Number of protein chains: 2
Amino acid sequence: MDKQKKSNKQYGIKEIAKRANVSIATVDRVIHNRTGVAQKTKEKIQKIIKEIDYQPNLLASRLKSNKEFVLAVLIPKVSENTNFWEAPYNGILKAKEEIEKYGVIFKTFLFELSNKDSFMESAIALLDENVDGILMAPSFVKEAEQVVKIYEKEKIPYLFIDSNIAANGSITYIGPNLYHSGFVGAQLTKYVLHNEKDEILVTNISKTDTNIDNLKQIEKGFSDYITTNKIHNRLQSIAIKDGDYNQFKTELDSFLEINPNIKSIFVTNSRVFSIARYLKETNRRNITLIGFDFIAENVKYLKEGVIDFLICHKPEEQGYRGIMSLYHHLILMQKVEKTQFMPIDIVTKENCDFYPN
Amino acid sequence: MDKQKKSNKQYGIKEIAKRANVSIATVDRVIHNRTGVAQKTKEKIQKIIKEIDYQPNLLASRLKSNKEFVLAVLIPKVSENTNFWEAPYNGILKAKEEIEKYGVIFKTFLFELSNKDSFMESAIALLDENVDGILMAPSFVKEAEQVVKIYEKEKIPYLFIDSNIAANGSITYIGPNLYHSGFVGAQLTKYVLHNEKDEILVTNISKTDTNIDNLKQIEKGFSDYITTNKIHNRLQSIAIKDGDYNQFKTELDSFLEINPNIKSIFVTNSRVFSIARYLKETNRRNITLIGFDFIAENVKYLKEGVIDFLICHKPEEQGYRGIMSLYHHLILMQKVEKTQFMPIDIVTKENCDFYPN
DNA sequence: ATATCTTTCGGTAACGTTACCGATATAATT
DNA sequence: AATTATATCGGTAACGTTACCGAAAGATAT
């Protein structure tokens, strides 16, 4: 249990200085390519750096230059509609705990998922705060594209989580591959269809028209799978407005009356629990239900056996990795992957207790 | 984008010394409760430490005390039978890359899964190497219990990954909850059974008798699920010896001839690919196949559609978290959870490309 | 009383890096 | 030729902690 001094010695700035016959100050200058070094000296030092494969000691570096980095977090509020964003926020808090001791401070800007203006407000407000990097959920495509242009002009690095937009200035995208998530939904549906006349219902439930793009991708994945796998069961697709439950109920009642062979319902967003509530209250236990996201209401119905499968994308990890990617990019100055797809997890009644959000 | 000095100031050892009217050396002594401090002084300093909620600066601490820590890794070789252990080892390498810059060095001791003696040899050999902590796979229960006693006598901390044994001296256990994994297998089986006379086969395939305990737990979970969910399909359980494929084939041929209604096969370990090969070659595509572990051969058959579901436990992360837990425990001296169950992941043809091993 | 030991504590170099301050040499300007 | 500007570089304090060395004071033994 006794410790020895390092044997496999890592050379430092001092060794470089000795070999190049200059002071450590000069070495420091070329490492951070500051001005004031003759070209010849510079090249000589750079050569030695490569030779000994110099790796800066991050401990010492961060200890000395004890600077603050300000990270902005721009994500939706936990709303009455869905507490989906609780999970990414928890991941962010976890990352925060891990790195704030290294002088990173956080400023959070929340917006309402039902309100584009509130998104714009927060996205702009953040500019006054002198932030060094931004983690954002580009929930409103058009608006996000606008603000991103401003961030680029101000030279503030940013990244996206949960959903992506076409902006190749972003450090990275961290979130699901929605098209393939549709595949998985369709595959699971395939297993629960037992005969030819069983019918499938694909639906999305929403109040406002956010993220239409996302839903379209999932639906496309779903129907492409059905087509390429030659599944001939009838497939219908409807959109249901969420709001008053009674209205919701009448809408479904009449639909299922006209279509009594619906055997499986696939909901393309996290509002599955609404359907689950309906199925439970109307006692339609022969319909299997598949949807998205590990949120409390969904898990409740999953455990009761009303929801059969939840497809999830590690929301907490999205937040965590978002912050860590910012940290790696702009503090440690390491390379980060341009897109980081999350796993497409299948959660059931039996494995949900072991699902690490 | 400019950086300011820290505002929310963290007090250090110097501030404590000033307030207690002693030198920083004395403060250091009580922090590491070394000897040579009068009781009164000690208490005074401890009070101040609590008051200002002193958090040691890990950067400075690790920078100064630049000690080597030696970690031993005791896991099975990647064998010709299964390359399952490639994944945990990759996780270990990943963790290694991350922390070896902080003076952690690794010594790897491999053993053969088919040979208890080779396990004991490696487990003992490691004692000569003056290691500070051990990550081990206790693949042989009896033998592991023995060596663990030695480790405890030598006061070398250790932890288990992949499978657990009754040794409460371990830092932590990182691995699956096998009983619940059996549940998940059974649940998936339930979905693929379409009528009453479909029959289920549960089997394990092995050369030697390693980890019988593990298999038993999975089987128990499986059958308990079947019982409690009142699934009345007939269930049979057999053990198949792996080795010569022809013998394997005749064994299965005769079994399936006697039992033509087998609709679903559940394999309790990673050798599913053997059954998959058989099903493919004999063209029995109407039997669904469920098994364990994300290894190359299994994934191949998963993509071909021969295997329907793979249940996995993030083997790579097991290795990664194993090393990181050692690091946290004995270098950072932080608390680690006593058991860390891995998620029970369901991998299919459609989501396997996004499965982070 | 002197010598020796023990307890308690302070001073301080060092870890590898950063960045400021100023020194020296060379070039440009008057 | 004297002055000023510029390019190039070295010296060094500091970041917060660790741990060694020895000082001072008190306790014990001779």
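What you are looking at is a predicted structure, and each value in this text was computed from that prediction instead of being measured.
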* Separation of Ile13(B) CD1 from Lys18(B) NZ (nearest 0.5 Å) -> 14.0 Å
* Enter the distance from Leu159(B):CG to Ile323(B):CD1 here, rounded to the nearest 0.5 Å. => 7.5 Å
* **Nucleotide dC9(D), atom P - distance to CZ of Arg34(A) in whole Å** => 15 Å
* To do: Take the protein atom CG of Asn33(A) and the nucleotide atom C1' of dC9(D), then report the distance between them rounded to whole Å.
  => 17 Å
* What is the distance from CZ of Arg29(A) to C1' of dA19(C), rounded to the nearest Å? -> 9 Å
* Spacing between Ile24(A) atom CD1 and dC15(C) atom C1', to the nearest angstrom -> 12 Å
* Asked: With side chains defined as the heavy atoms from C-beta onward, is the minimum distance between Tyr11(B) and Ile16(B) less than 4.5 Å?
  -> no
* Run the numbers on Tyr173(B) and Phe160(B) for ring-ring contact (aromatic ring centres under 6.0 Å, His included), then give the verdict. => CA-CA 5 Å; Tyr173(B) 161 64; Phe160(B) 301 131; 7.6 Å; no
* How long is the line joining OH of Tyr54(B) and C1' of dT18(D), in whole Å? -> 10 Å
* Asked: Nearest-Å distance, OH (Tyr11(A)) to C1' (dC15(C))?
  -> 17 Å
* When the nearest nucleotide of DNA chain D is assigned to Ala38(A) and to Gly12(B) on a heavy-atom basis, which residue is associated with the more 5' position? -> Ala38(A)
* Check the distance between dA13(D)'s P and Asp28(A)'s CG and give it to me in whole angstrom. => 17 Å
